[in-house]
Structure formats: structure tokens, C-alpha cells
Amino acid sequence: MTTINFCIGATIVVYLIGMLVIGFLYSKQNESTSDFYLGGRKLGPFVTAMSAEASDMSSYLLMGLPGLAYLTGLCDVTWTVIGLAFGTWLNWLMVARRLRRYSSNIGAITVPDFFSKRFHDEKNLLNCLAALVIVVFFVPYTASGFAACGKLFNSLFGVNYHVAMTLSAVVILVYTVLGGFMAVSTTDLVQSIVMTFALLVVMIYGVNAAGGMEAVMQNASSMTGYLSMTATHSMADGAAKPYGFITVISTLAWGLGYFGMPHILLRFMAIEDEDKLKLSRRIASVWVVISMAVAVLIGIVGNAMTKAGLVPLLASSGESETIIVQITHLISQNGVLFSIVAGLILAGILAATMSTADSQLLAASSSVSQNLVQDFLHIKLSTKQSLLVARATILGISVVAILLAQDPNSSVFQIVSFAWAGFGGAFGPLMLCCLFWKRTTLPGALTGLVSGGVMVFVWKFLVRPLGGMWNIYELLPAFMVSLVLIVVVSLCTKAPEQSILDEFETAKG
């Protein structure tokens, strides 16, 4: 092993050990399932903001966005960023405060639990269905995170993919099982800091290596459609491809997904004081906008570095997503100190993946152990037994996710995109109606939840392949169908009882 690889590897190992230490430190603070799943609602505003956004961005921030910008220019990636940024801000503005208050008032500690208690669902049907939706979409989502970790170590050090993927999964599993929600949130905070460091260092080094910002922009301007907002650049033939209005709307629809993301909504429920959410919103919104803008710029800078002969041509989407890894390799060639810096940058890519996988793992396990086992099946457990079941569930889900991640050629982005649509379509409209429309009924909620989830599959596999005007991201039609059916069915069924209305008014506050 060379000195450079040793320094990079050692830095990453130290980072992983740090994550395990955090899990161990928080392991003794979990005295109840509320502590394990929601941190006892003790999250501070800074941790709330940064852990929410770190768990949101995943490896898409350090790999997907730069790779897309590298290949096609500004258009596609910028409309995506606008949708994500606006969705983030709206979620914090509209949902965070009322969900924190409402969930606390009715004693809900998970998202399915909130849905069920919101409508006084004595049979826990809504709880069960919501938990199943989380398992269906989160287990493969978690598997994609494990796969991304395996691919990173395999490409860097030539480590066997399956070994690297399994070891990464074990590290995530251990600190999640030990520390629960507080460990996950704290590690996500650390990971967001490492991700920020990685973005800034790569951007500064890349701009300097490419010959300055003027050289970067001259290169971008020389490519047809690269800086356009109505066309994308095709690297294959150098031509510009039109980016129509329907495609713009479809891309912006990514922002709708935020209203239904369980791992983000849990952060809103866990903050210690709802009055601090304004500060959290500002921190989160600013960080998201700046980090995504820097990620896009890195892709543009990377293209200029290719033209300058510093980085090989990355002609496919899979190759272009390694642009930060390619730039990091150049950084590591400048001595031991720079090798350590390179290790931190690569740890940032690992952090982006881990910060999402751990949150998904915790949310999926809570759905099984709390919402299915205890709430729906009515299996009574003591506090100690409940925590044991929670941890055993995390272990079981991890094993399933590891088995699903066996194929190193699986598309991480496609899985993420589909799962994002699933949660946005099934949970998004229902969450908004729960918080802002008191006339919503239990039958309406059940119909909206099921129709949104089913429509994601229908549109993805039956309608979207038709192409043309039907080539719309499945989240948008699923969201609209779910919202319409919630309203129609609620208006056609008996109005909620007075106690439900009183709880709504109290939460409205």
C-alpha cells in the first residue's frame, strides 16, 4: 500500500471509529422507546437543522448533482435544485412547527403513529398501512446506501465490493442500534460538517487547477446549451437538446417529496422547543442552497479540468458521478497533509450516504417494532422488551438490505428517485391535510395513502414508458391523485367527531 492510500484509508477509519464512539456515548441515554425513536424531543435547533438536511441530501449531493452538471450543464440540474430548495423551505415553514406541536399533544412518536392518533383510528389501520409503506420504500432505499458505500471503497482501494458493502453496513448498524435517534442525529450533524468541508475544498482546488473561474466559464460557454435553462448539452454529439415546459414541471415536482419524508419529519417532531424552529429553518435553508450550488459548480469546474487534461473524460452518468473522487485523487498527490485532506473529502462522500442510511434504518425499524408489533398487533411489551425488539428489528432490516445490495451494478439513483416518489405520493398530501384541513376524515386518509402509493407504481411502470407528454416524474401524478381523493372521500363521509376537531384547533394554536 502506498503512503497516499495509507493516509486516505487511515483518515476514513478514524472517521468511522468516531461514528461508533458517538453511538456508544448515547447508548446509555435510551430509557424508553420515545428516547430511542425521537430522542425524548430534546433536539437543539442546530442539530435539528443539520441532521435533517444531512439525512436528506445523501450521496446525491456529492455525486449525483456534480455528475449531472458535468455531463449536461446547468438546465436539468438547476431546475432540480430549485425544486429541492423551495421544497425544503416550504416544509420547514409550513409543516415543522405544527407537526411538532400536534404530535406532542397527542403523544405520537413516529409518523405512522401520528397519522393514526390524529384520526383516533382505534383499529390502527392507518398506522399499519403507513408502516408498510415505510418498509416497502425504505428497505431498498437503505440497501442503495449500503451499495453506494461498497462502490466507493471498491473504486478507491480495490476492496471486494461485497466485503466493503457489508463492513459499511455493520458500522451504520452498530451506532444506530446502540444510540438510537440521538446518535443518528448527532452523527448526521458531524457528517454534514464533513460534507461541507469536502464541497468547499474540492471547489477551491478545482477552480484553481482549471485556471481560474474565467477559464471555467469560457469552457462552459463554448459548449452548446451548457449554460442554457431551456436546453441541455449532449456530450455524445455536442448538440443542445430542448428542455420543455412539461419536463421543467416534472423536475420541480421533486420538491413535493419533502412533505412526506419520514426521516425528515421525525426531526420536526423531535426538536426541544418549537419556537426554535425558525432558527432551524434559516440554518437548513441557507445550507441547502449553498451546498447544492457548490455541488453544481464542482460539476462545471470538473468539465473544465477535463478539457485542461487534468481529469479523464467521464462520458457516462456512472462515470461522471465520480468527478469529486477524480479531483480528490489529484489533491492527494501533493503530499501527506493533502492525502489526509483527501481522506476527509472521501469521508464526506461516505458521510453523505451514511447520514441517509442510518435515518432510514431507524424509521423503518420503528415502523415494524412500534407501529406493526405493538400498535397494530397489540403485543404488549415492557420498556426493556420494547427497546430489545427495536434493536432486533434494525438488525433484521439491515440483513435484508444487505441481501438486496448484493448486485454492485444496481442503480442507486433510480432506487432513490422511486422511493422519494413513493413517500411524497403516499405521505405528502396526507400530512398537509392532517395539519391544515380539519374536515379530513379517516376514510379519506386511508384512501389517499393507498392511492398515492399505488399510483407511483402505476405511473412508473405503465404510464411513463409511453413517453412524450406522459414522461412525467411519478411523484407529481401520485401526489395529485392522493390529494384529490383525500378531499373527495372526506367530503363524502361523516365529518370528524368533536374531540378530533378540538385537537386540531389546539395544534393550530
Side-chain angles (χ1 to χ4, degrees), residues 60 64-65 67-69 71-88 90-91 133 136-137 223-261 292 296 316-318 320 411-433 447-489:
Y60 188 64
L65 291 179
L68 187 58
L71 274 183
T72 66
L74 278 182
C75 185
D76 196 0
V77 72
T78 301
W79 286 119
T80 302
V81 165
I82 291 173
L84 293 174
F86 193 58
T88 297
L90 276 182
N91 203 26
V133 167
V136 166
F137 288 109
M223 293 181 285
T224 307
Y226 199 81
L227 297 180
S228 171
M229 289 296 288
T230 57
T232 59
H233 176 74
S234 173
M235 187 168 286
D237 55 16
K241 295 184 177 180
Y243 203 81
F245 178 74
I246 292 178
T247 309
V248 170
I249 297 300
S250 177
T251 306
L252 289 174
W254 272 81
L256 294 174
Y258 282 105
F259 299 124
M261 291 299 128
M292 288 195 296
V296 171
S316 69
S317 58
S320 67
S411 173
V412 173
F413 176 74
Q414 290 300 322
I415 296 174
V416 170
S417 173
F418 185 65
W420 187 269
F423 288 121
F427 287 169
L430 178 55
M431 179 59 71
L432 293 176
C433 288
T447 304
L449 179 66
V450 173
S451 63
V454 170
M455 181 54 68
V456 170
F457 285 92
V458 171
W459 198 275
K460 171 72 173 180
F461 298 107
L462 297 179
V463 179
R464 195 173 184 182
L466 297 176
M469 64 178 292
W470 304 107
N471 187 26
I472 298 174
Y473 181 34
E474 54 270 18
L475 171 55
L476 183 57
F479 190 97
M480 298 306 297
V481 167
S482 176
L483 182 60
V484 169
L485 287 179
I486 289 174
V487 173
V488 171
V489 174

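Scope of the values below: all heavy atoms of this structure, side chains included, with no hydrogens, waters or symmetry mates. Numbers here simply count residues along the sequence, with the first being 1.
The main-chain N or O of L68 is found under 3.5 Å from a side-chain atom of T72 such that the two form a donor-acceptor pair. Between the W459 side chain and the I472 main chain, a donor and an acceptor come within less than 3.5 Å of each other. Side-chain atoms of S250 come within 3.5 Å of backbone N or O of Y473 as a donor-acceptor pair. Looking at W420, its side chain does come within 3.5 Å of a backbone N or O of W254 through a donor-acceptor pair. Not one N or O on the side chain of T247 forms a donor-acceptor pair closer than 3.5 Å with the backbone of Y243. A donor-acceptor pair is defined here as one N or O able to donate and one able to accept, closer than 3.5 Å; such a pair exists between the side chain of H233 and the backbone of T224.
Looking only at side-chain heavy atoms (C-beta outward), W79 and L252 come within less than 4.5 Å of each other. Looking at heavy atoms from C-beta onward, L430 lies in side-chain contact with I486 at the 4.5 angstrom threshold. Two residues are said to be in side-chain contact when any heavy atoms from C-beta on lie closer than 4.5 Å; V296 and M292 fail this criterion. Counting heavy atoms from C-beta outward, S451 and S482 have side chains that approach closer than 4.5 Å.
Taking the six-membered ring for Trp, F479 and F427 have ring centres at least 6.0 Å apart. Two rings, from F418 and F137, have their centers less than 6.0 Å apart.
Residues S228 and A231 come closest through the heavy atom pair OG-N, 3.2 Å. Residues L475 and G257 share a closest heavy-atom pair of CD2-N, 3.5 Å. Residue V77 comes nearest to G73 through the heavy atom pair CG1-O, 3.5 Å, listed as atom of the first residue, atom of the second, then distance. Closest non-hydrogen pair, C75 versus T230, comes out as SG-N, 3.9 Å. Considering all non-hydrogen atoms of both residues, A421 and V456 come closest at O-CG2, 3.4 Å.
Rounding to the nearest 0.5 Å gives a distance of 7.5 Å between CG of L71 and OG of S316. Note that the CG atom of L432 and the CG atom of N91 stand 8.0 Å from one another [nearest 0.5 Å]. M455 contributes atom CE, which lies 11.5 Å from atom CG of L476 (distance to the nearest 0.5 angstrom). In this structure, CD in E474 is found 5.0 Å from CZ in R464, a value given to the nearest 0.5 Å. Here the straight-line distance linking atom CG of D76 with atom NZ of K241 works out to 11.5 Å at 0.5 Å rounding. One finds the CG atom of L65 at 9.5 Å from the OG1 atom of T78 (value rounded to the nearest 0.5 Å).
Heavy-atom contacts from other residues, nucleotides or ligands closer than 6.0 Å to CE of M229 number more than 12.
Among residues two or more places apart in sequence or in another chain, the side chain to side chain donor-acceptor pair (under 3.5 Å) test is passed with Y258 by D56, T88.
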